[in-house]
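Below is one structure, written out as structure tokens, with a few remarks after it.
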Amino acid sequence: MTSLEAARELLREFPVVDGHNDLPWALREQVRYDLDARDIAGDQGAHLHTDIPRLRAGGVGAQFWSVYVRSDYAGDKAVSATLEQIDCVRQLLARYPGDLGPALTAADMEAARAEGRIASLMGAEGGHSIADSLATLRALYALGVRYMTLTHNDNIAWADSATDEPGVGGLSAFGREVVREMNREGMLVDLSHVAATTMRDALDASAAPVIFSHSSSRAVCDHPRNIPDDVLERLPGNGGVAMVTFVPKFVLQAAVDWTVAADENMRAHGFHHLDTTAEAMKVHRAFEETNPRPVATVSTVADHLDHMREVVGVDHLGIGGDYDGTAFTPDGLNDVSGYPNLIAELLDRGWSRPDLAKLTWQNAVRVLGAAEDVARDLQTTRGPSNATIGALDG
């Protein structure tokens with residue numbers, strides 16, 4: 001049996017729980033949620049990284065669908081756009097019930113796996129989605145959101161982002177209250193995108209395991225979106241999981257440097273540097289013709305996992321590809337069908353079947369279940385917080 005055949009066999013029993021996929025935002029940007037125009041029951045390879053046939057080919061058993069909205073959205077605009085993203089996921093679940101199974105709990109994830117469906121969960125990407133309101137946070141949880149990334153690319157009033165200038169120095173008093181309220185609800189605290197100071201403050205404040213839904217190792221690739229080793233070293237004590245991402249500009253140092261220049265070119269042409277519309281991609285491709293893009297590979301991603309396993313142990317690792325949220329992907333991990341290639345690479349590097357089962361399925365399910373346990377305990381000792389940012393931060 002080849003490594004790739006062994007990888008596919010393993011994934012039939014222990015499929016991938018992927019921590020982050022931006023399909024809802026891609027559907028918003030491309031077709032304004034017209035699911036007839038982007039019917040993911042069939043091949044959408046010309047437009048998307050994600051469709052059901054490729055999820056099946058990739059051995060995906062559970063997906064956290066990101067209900068991301070841009071970080072320059074604020075207040076009611078951010079909240080309403082997040083609600084539209086949630087509605088998109090609900091439409092997908094209603095349209096494809098034989099393939100996508102709604103999941104709110106770890107038990108739901110296991111039930112979907114037993115039924116042969118892809119457990120579908122939601123994660124909000126950025127604290128701007130709650131507009132400084134703990135009641136809005138609770139409403140998102142009630143609608144099915146099971147993690148929230150504390151920031152996206154820009155600071156918010158109560159938390160610092162990895163890719164912005166220091167603001168409050170990590171988490172403010174209200175930010176710590178947000179973490180505590182997430183713990184009380186059972187919503188996972190996601191530390192991708194946040195500054196290292198915010199990571200440390202959140203680990204100090206959280207009574208439940210945290211996740212990094214799509215981040216890699218800063219020691220391997222020095223990008224601020226990645227996780228420093230001292231933070232990784234705290235995950236065993238917290239019980240959390242770091243889900244390695246595939247985005248070339250986060251995993252390959254040469255791609256980091258290239259991306260700085262490519263982003264400057266996008267802005268010079270009047271586009272947001274994260275814009276993946278057809279017009280924006282024309283600008284990207286023109287830049288790439290004269291400035292060849294460094295290409296990450298499956299091996300590049302495996303290097304991150306090898307290092308992270310050495311630092312934190314296999315019990316605290318997972319996968320978060322960030323498909324449909326990035327313009328570029330590594331060779332061999334071109335879309336959601338590529339996960340078997342990564343598992344085959346890790347088998348060739350000596351990862352055992354039990355280790356890989358933890359990486360793909362067991363760790364992510366465990367961490368959600370642990371957050372549920374913490375929430376049950378906390379709800380016996382305190383009610384919902386009605387604190388405001390004005391009262392706590394002044």
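Note that this is a predicted model, so its numbers are computed, not measured.
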| message | Please find the pair of heavy atoms, one from Met243 and one from Ser213, that lie closest to each other, and give the distance. | response | CB-O, 3.5 Å
| request: Return yes if some donor-acceptor pair links the side-chain N/O of Thr360 with the main-chain N/O of Leu356 below 3.5 Å, else return no. | output: yes
| query | Between Arg376 and Asp373, does at least one N-O distance fall below 4.0 Å, as a salt bridge requires? | reply | yes
| said: So does Asp39 get a backbone contact from the side chain of Gln44, meaning a donor-acceptor N/O pair under 3.5 Å? | reply: yes
| query | Can you tell me how far CZ of Arg366 sits from CG of Asn363, rounded to the nearest 0.5 angstrom? | reply | 5.0 Å
| message | Please determine whether side-chain contact (heavy atoms from CB on, under 4.5 Å) holds for the pair Asn226 and Cys221, giving the CA-CA distance in whole Å, both sets of side-chain angles, and the decisive distance to 0.1 Å. | response | CA-CA 8 Å; Asn226 288 334; Cys221 180; 3.9 Å; yes
| What is the ring orientation for His214 with His193, classed by angle as parallel under 30°, tilted 30 to 60°, or perpendicular over 60°? | perpendicular
| said: Under 4.0 Å between a side-chain nitrogen and a carboxylate oxygen: does that hold for Lys358 and Asp315? | reply: yes
| message | Working note: Phe212 + Met199, criterion side-chain contact (heavy atoms from CB on, under 4.5 Å); need CA distance, chi angles, decisive distance, verdict. | response | CA-CA 10 Å; Phe212 293 82; Met199 297 175 192; 3.7 Å; yes
| Can you tell me if Asn155 uses its side chain to pair, donor with acceptor, with the backbone of Ser161 under 3.5 Å? | yes
| query | Should Arg309 and Asp355 count as an ion pair when the cut-off is N to O under 4.0 Å? | reply | yes
| Is the shortest distance from a Lys or Arg side-chain nitrogen in Arg138 or Glu185 to a carboxylate oxygen in the other one below 4.0 Å? | no
| In terms of hydrophobic clusters joined by side-chain contacts under 4.5 Å, are Met109 and Val374 together? | no
| said: As a quick check of understanding, evaluate side-chain contact (heavy atoms from CB on, under 4.5 Å) for Ser215 and Ile227, giving each step before the final call. | reply: CA-CA 7 Å; Ser215 294; Ile227 314 167; 3.8 Å; yes
| task | Could you label the plane-to-plane angle of the Phe246 and Tyr339 rings as parallel, tilted or perpendicular, counting under 30° as parallel and over 60° as perpendicular? | result | tilted
| So how far is it from Arg184 CZ to Thr381 OG1, rounded to the nearest 0.5 Å? | 9.0 Å
| Are Ser66 and Asn21 close enough, and set up right, to give a side-chain hydrogen bond (donor to acceptor under 3.5 Å, both in side chains), and what steps lead you there? | CA-CA 6 Å; Ser66 175; Asn21 183 301; over 6 Å; no
| task | Tell me whether Ile86 is reachable from Leu104 by hopping between hydrophobic residues (I, L, V, M, F, W, Y) whose side-chain heavy atoms are closer than 4.5 Å. | result | no
| Any idea which heavy atoms bring Asp324 and Asp22 closest together, and the distance? | O-CB, 3.4 Å
| request: Return yes if some donor-acceptor pair links the side-chain N/O of Thr105 with the main-chain N/O of Asp108 below 3.5 Å, else return no. | output: yes
| Is the backbone N or O of Val247 less than 3.5 Å from a side-chain atom of Asp322, with the two atoms forming a donor-acceptor pair by type? | no
| message | Donor-acceptor pair, distance only, cut-off 3.5 Å: does the side chain of Glu372 make one with the backbone of Ala106? | response | yes
| task | Give the C-alpha distance, both sets of side-chain angles, the deciding distance and a yes or no for salt bridge (charged side-chain N to carboxylate O under 4.0 Å, His left out) between Arg32 and Asp34. | result | CA-CA 6 Å; Arg32 191 61 193 184; Asp34 180 351; over 6 Å; no
| Is there a donor-acceptor pair under 3.5 Å between the side chain of Asp132 and the backbone N or O of Ile389? | no
| request: Using a strict 4.0 Å threshold on nitrogen-to-oxygen distance, state whether Arg349 and Asp306 make a salt bridge. | output: yes
| query | Would you call Arg8 and Glu5 a salt bridge, using N to O less than 4.0 angstrom? | reply | no
| Hey, mind stepping through Arg56 and Asp99 against side-chain contact (heavy atoms from CB on, under 4.5 Å) and telling me if it holds? | CA-CA 9 Å; Arg56 295 297 198 183; Asp99 292 292; 2.9 Å; yes
| What do you reckon, is CD of Glu310 surrounded by more than 12 foreign heavy atoms closer than 6.0 Å? | no
| request: Find the distance between CG (Leu368) and CD1 (Ile211) and round it off to the nearest 0.5 Å. | output: 9.0 Å
| field | same_hphob_cluster(Tyr68, Leu140) at 4.5 Å side-chain heavy-atom cutoff | value | no
| task | Please determine if Arg234 and Asp204 form a salt bridge, counting it only when a charged side-chain N lies under 4.0 Å from a carboxylate O. | result | yes
| Quick one: does Tyr96's side chain have a donor or acceptor within less than 3.5 Å of a partner on Ile40's backbone? | yes
| request: Using a strict 4.0 Å threshold on nitrogen-to-oxygen distance, state whether Asp230 and Arg200 make a salt bridge. | output: yes
| said: Please determine whether a side-chain nitrogen of the Lys or Arg among Glu177 and Arg180 lies less than 4.0 Å from a carboxylate oxygen of the Asp or Glu. | reply: yes
| said: Check this for me, if you would: do Arg353 and Glu13 make a salt bridge, where the nitrogen-to-carboxylate-oxygen distance has to be below 4.0 angstrom? | reply: yes
| query | Do the side chain of Thr198 and the main chain of Asp160 share a donor and acceptor less than 3.5 angstrom apart? | reply | yes
| Shared hydrophobic cluster, Val314 / Leu232 (ILVMFWY, side-chain heavy atoms < 4.5 Å) | yes
| message | So, taking the atom named OG1 in Thr326 and the one named CG in Leu274, what distance separates them when rounded to the nearest 0.5 Å? | response | 9.0 Å
| field | Smallest separation among heavy atoms of Trp25 and Gln85, with atom names | value | N-NE2, 3.3 Å
| Lys/Arg cation over aromatic Phe250: Arg225, 6.0 Å, 45° cone | yes
| remark: Separation between CG (Leu23) and CD (Gln30), nearest 0.5 Å, reads 9.0 Å
| request: Output, in order, the C-alpha distance, side-chain angles, deciding distance and verdict of salt bridge (charged side-chain N to carboxylate O under 4.0 Å, His left out) for Arg285 and Glu288. | output: CA-CA 5 Å; Arg285 285 191 288 271; Glu288 191 173 356; over 6 Å; no
| So, Trp65 side chain and His20 main chain: donor-acceptor pair closer than 3.5 Å or not? | no
| What do you reckon, are the aromatic ring centroids of His284 and Phe271 less than 6.0 Å apart? | no
| field | Distance-minimising heavy-atom pair for Trp158 and Leu150 | value | CH2-O, 3.9 Å
| For Tyr141, is the NZ or CZ atom of Arg146 found under 6.0 angstrom from the centre of its six-membered ring and inside 45 degrees of the ring axis? | yes
| query | Closest heavy-atom contact between Ser120 and Leu93? | reply | CB-CD2, 3.4 Å
| request: Could you pull out the closest heavy-atom pair between Pro294 and Ala254, with the gap in Å? | output: CG-O, 3.5 Å
| query | Can we say Asp87 and Arg90 salt-bridge, meaning some charged N sits less than 4.0 Å from an Asp/Glu carboxylate O? | reply | no
| query | Should Thr329 and Asn334 be marked as a side-chain hydrogen bond (donor to acceptor under 3.5 Å, both in side chains) after you check the CA-CA gap, both sets of side-chain angles, and the distance that decides it? | reply | CA-CA 5 Å; Thr329 55; Asn334 306 77; 4.6 Å; no
| message | Between the side chains of Glu110 and Arg113, is the shortest nitrogen-to-carboxylate-oxygen separation below 4.0 Å, so that they form an ion pair? | response | yes
| field | same_hphob_cluster(Leu203, Phe174) at 4.5 Å side-chain heavy-atom cutoff | value | yes
